[in-house]
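Only this structure's heavy atoms are used, side chains among them; waters, hydrogens and symmetry mates stay out. Owing to the predicted nature of the structure, the values given are computational and were not obtained by experimental measurement. Letters A, B, ... are given to chains in the order of the sequence lines, protein chains preceding strands, and every chain is numbered from 1.
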Protein chains: 2
Amino acid sequence: MIRIIDNQDYNAKNMIEALLMRSQLNFKNVQEIVDDIIENVRNKKDGAVLEYTRKFDQAVLTPQTLKVTDNEIQEAYNTLDENFISILQRAADRIRLFHEKQKRNSWIAPDEKGTILGQMVRPMESVGVYVPGGKAAYPSSVLMNVIPAQVAGVNRIVMVTPPQNDGSVNPGVLVAAKIAGVTEIYKVGGAQAVAALAFGTETIPKVDKIVGPGNIFVTLAKRTVFGHVSIDSIAGPSEILVVADDSANPVFVAADLLSQAEHDELASAILVTTSAEVAYAVKDELIRQTEKLSRKEIITKSLKDFGVIIIVNTIEEAIEISNQIAPEHLEVCTREALSLLPKIKNAGAIFLGHYSPEPLGDYMAGPNHVLPTSGTAKFFSPLNVEDFMKKSSVIFFPEEALKELSEDIITFAEAEALTAHANSVRVRFEND
Amino acid sequence: MIRIIDNQDYNAKNMIEALLMRSQLNFKNVQEIVDDIIENVRNKKDGAVLEYTRKFDQAVLTPQTLKVTDNEIQEAYNTLDENFISILQRAADRIRLFHEKQKRNSWIAPDEKGTILGQMVRPMESVGVYVPGGKAAYPSSVLMNVIPAQVAGVNRIVMVTPPQNDGSVNPGVLVAAKIAGVTEIYKVGGAQAVAALAFGTETIPKVDKIVGPGNIFVTLAKRTVFGHVSIDSIAGPSEILVVADDSANPVFVAADLLSQAEHDELASAILVTTSAEVAYAVKDELIRQTEKLSRKEIITKSLKDFGVIIIVNTIEEAIEISNQIAPEHLEVCTREALSLLPKIKNAGAIFLGHYSPEPLGDYMAGPNHVLPTSGTAKFFSPLNVEDFMKKSSVIFFPEEALKELSEDIITFAEAEALTAHANSVRVRFEND
């Protein structure tokens, strides 16, 4: 079961190391397989894609059946519970509403000399979204990955997902894709799907950016094609950190820790509290509630390996520990939780108060549930609309304005031994 | 010399492939060396760093002399031409002014139900800036890489640069670093510098993000540590594309193409024009001006291998070719250049009119000269302030607002077989 420790026994460096060590970046032999798959798909295109799909997914497809048809999507609508479809729709609406607020406009700054400087912000032309198959095929993740791209204004949103061995795709995933605004879906998974999106095949288009979670093959493939295309941040196992004072309800806190722990055995659930009473009550609750949960074994292992309850003296200390760990999900279950916001430096998503549990953010609140994991919230951000846009600088100078800077540019360029740079300004004023 | 071709003979796909093929991503044997260096630095820290510095830079340093001292910086000020120092200062001011306009505030969106959703935007805590040594030690690049981080509010800006064999560093680089706001400088280069910044040593701090140009070792090292830290986009060889009508001055256009071609033999200079007269006049000018330039050999090779003049029928066709190529630098040397802005989809920086030559943007205009290369402007952006900030989502729900969504969340979570997620919402309303 989860350990309870005192702040004195807490070693930030070790804790962070342990969390980081869970991430998927060091797999040399898998990398070799991935490199092979990428090279093969790059050369043999559809042929290689279909071969790998037969080998890894035991699904026999043709270039004609690689793409999901309108009929298959209609079939998915017929299969799915109507109530669930309307929940998907409501979730999509809330997610869209929040992401609309992130959009940034192009801007220009003209000055009195007639110069114009600015930044154009435009959507990417095409994006690929990877959706895992099997048990990890989450309709909620489809919404979260696709909607920001759609809000950004991306024209072509291509989804790829591994088929089941009969060639079918999870109906929840298909309906979520349709609701979110996917323009086309291909039945391909693994590194071969990433390679197809990065380089294009006869059937699958090359895209500008690839996003979406996947297994180690997908993750390494994405990292390998980075530069040929853009990718989202590297996703590792999930974590939650709850900061609690004595106003926290141990039943709620335990339930929230468990909701994270059920994800997988590498998931991490951490409670940092100023109340020893809350600490022990949460531990009891964890034991009691785990008994009733379907993913009991995963939970027990993850709490044992990566769970901890830390007792501290002050809320400030608790926040400081959280800032060091930079958790994917941070819950602040304290009095006046909102007032602590300025102290929080590093976290993927911040859930404030006793009625903002993490699953609210996973499904219905509106902000994205694709969040930086394993301490990467220090430098990565939740998936957002700007991830699907790119910027161009704009520079317009009238003759006089350039002339004013010309001596500086010429001297600077010559100091860097770039004489053709200097020449380019000089020729414009040669006859002056 | 540069070829002149007609639009009929232009093959977008081949051209883009050729440009992309210049990029530095496929070097298997270099990758192995880089992997070794990273592992060694990760394990032996300062020891490995000093050993590689002795081996690759022929400079014998100690943990004490690894860091640049205040005296060394003062010495650099004394060495450098005073006029050049004030040019650096003026450039820094203009760059800072432009980048200040990019800053994005945190925001919240409260609603009538008492919920608060929002996005916190905060600076990263620490950033590492790589600056190449030798001939590629450009003070302008120091300004361009450091100032956005400083404007973002990054506390600790760590510069690394390989020392000369006497242990010294280019004085222009040191002064530019001081002006731009670097907080500490270490004498280390190559993959060993990237590894030190990614994992930390006894002397060199671990940072959140590593930016800055470098050779193939640096580039591959950055890609390898991606995920442990954030990195900027992968930089390849440079390119310019000039769109010109018959109002263009062939002398100016040729000079601008040459300013790009002098960077290195892989640089690409492309003119797309509606005027055959301009095309041939530019070719003549290229020959004439090249003769007088110090980097004549580099220029001749780069124009021969990656230069081309394409004659088209309309400006729209020219812009369409440019959008396909997604050049790092785009010059629009036409009448009413500003009015073409809406048609331009993909470009790192857009220079409009006859008096906005690319070197203006390299040094003094204000926008960043760190731009997406080799067609990556389709998905990467110029280096900007937001590259040094990260976001956190904010979610606050009062009890009633959560209750309203509770059934949706529970049903959604159960549909995804995540029962502990459902439980976390259910326990909050169990007694209702």
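Aromatic ring pairs are classed by plane angle as parallel below 30°, tilted from 30° to 60° and perpendicular above 60°; the pair B:His421 and A:His263 is perpendicular.
When side chains are defined from C-beta on, B:Lys390 counts as touching A:Asn346, because their heavy atoms get closer than 4.5 Å. Side-chain contact check for A:Ser393 versus B:Asn368: every heavy-atom pair is 4.5 Å or farther apart. Proximity of A:Leu360 to B:Val425: side-chain heavy atoms (C-beta onward) are nowhere separated by under 4.5 Å. Using a 4.5 Å cut-off on side-chain heavy atoms (C-beta onward), B:Asp362 and A:Glu416 make no contact. Between A:Lys101 and B:Leu117, the closest side-chain pair of non-hydrogen atoms is not below 4.5 Å. Taking 4.5 Å as the limit, every side-chain heavy atom of B:Ser424 sits out of range of all side-chain heavy atoms of A:Leu258. A:Gln119 places a side-chain heavy atom less than 4.5 Å from the side chain of B:Asn384. Looking at heavy atoms from C-beta onward, B:Pro367 lies in side-chain contact with A:Ile395 at the 4.5 angstrom threshold.
Using a 4.5 Å cut-off between heavy atoms, A:Pro139 touches chain B through backbone and side chain atoms alike. For A:Leu330, no part lies under 4.5 angstrom from a heavy atom of chain B. Residue contact with chain B, scored on non-hydrogen atoms closer than 4.5 Å, involves the backbone and the side chain of A:Leu341 alike. The part of A:Asn83 that comes within reach of chain B is its side chain, from C-beta onward, which places non-hydrogen atoms under 4.5 angstrom from that chain. Contacts between A:Pro382 and chain B at a heavy-atom distance below 4.5 Å involve backbone atoms as well as side-chain atoms. Only the side chain of A:Ala415 comes within contact range of chain B, with at least one heavy atom under 4.5 Å from a heavy atom of that chain. Proximity to chain B (any heavy atom under 4.5 Å) is restricted, for A:Arg94, to the side chain, taken from C-beta onward. Contact annotation for A:Ala422: neither backbone nor side-chain heavy atoms come within less than 4.5 Å of a heavy atom of chain B. Heavy-atom distances place no part of A:Glu400 under 4.5 Å from chain B, backbone and side chain included.
Within the model, atoms CZ of B:Arg104 and CD of A:Gln102 stand 7.0 Å from one another, a figure rounded to the nearest 0.5 Å. Rounded to the nearest 0.5 angstrom, B:Asn423 CG and A:Thr290 OG1 are separated by 9.5 Å. Rounding to the nearest 0.5 Å gives a distance of 11.0 Å between CD1 of A:Ile231 and CZ of B:Phe379. Taking CD1 from B:Ile409 and OG from A:Ser140, the interatomic distance works out to 12.0 Å, rounded to the nearest 0.5 Å. Here the CG atom belonging to A:Asp408 is positioned 4.5 Å from the CD1 atom belonging to B:Ile87, to the nearest 0.5 angstrom. Atom OG of A:Ser381 is separated from atom CE of B:Met120 by 12.0 Å, given to the nearest 0.5 angstrom.
Without hydrogens or angle criteria, B:Glu125 side chain to A:Lys378 main chain gives no donor-acceptor distance under 3.5 Å. B:Arg428 places no side-chain N or O within 3.5 Å of a backbone atom of A:Ser356 that could act as its donor or acceptor partner. Side chain of A:Arg90 to backbone of B:Leu405: no donor-acceptor contact under 3.5 angstrom is found. At least one donor-acceptor pair under 3.5 Å links the side chain of B:Arg295 to the backbone N or O of A:Ala417.
Put simply, of A:Ser106, A:Ala255, A:Ser259, the one with the most heavy-atom pairs under 4.5 Å next to chain B is A:Ser259. Taking chain B as the reference chain and counting heavy-atom pairs below 4.5 Å, the highest number among A:Val229, A:Val127, A:Asn249 is found for A:Val229. In terms of heavy-atom pairs under 4.5 angstrom with chain B, the leader among A:Leu371, A:Ile410, A:Leu257, A:Ile344 is A:Ile344. With chain B as the partner, the residue from A:Val394, A:Asp208, A:Leu293 showing the most heavy-atom pairs under 4.5 Å is A:Asp208. Interface check for chain B: of the options A:Phe388, A:Phe351, A:Phe98, the most heavy-atom pairs under 4.5 Å are formed by A:Phe98. Contacts with chain A were tallied for B:Leu88, B:Val253, B:Leu338; B:Leu338 has the most, counting heavy-atom pairs under 4.5 Å.
Aromatic rings from B:Phe380 and A:Phe226 are positioned such that their centres are separated by under 6.0 Å. Not less than 6.0 angstrom separates the ring centroid of B:Phe396 from the ring centroid of A:Tyr355.
When every heavy atom of B:Tyr363 is checked against every heavy atom of A:Ala413, the shortest pair comes out as OH-CA, 3.4 Å. The heavy-atom pair separating A:Ser392 from B:Ile350 by the smallest distance is CB-CD1, 3.8 Å. What you find for A:Ile299 and B:Ala420 is that their closest heavy atoms are CD1-CB, 4.5 Å.
Within 6.0 Å of CD on B:Glu39 lie no more than 12 heavy atoms contributed by other residues, nucleotides or ligands.
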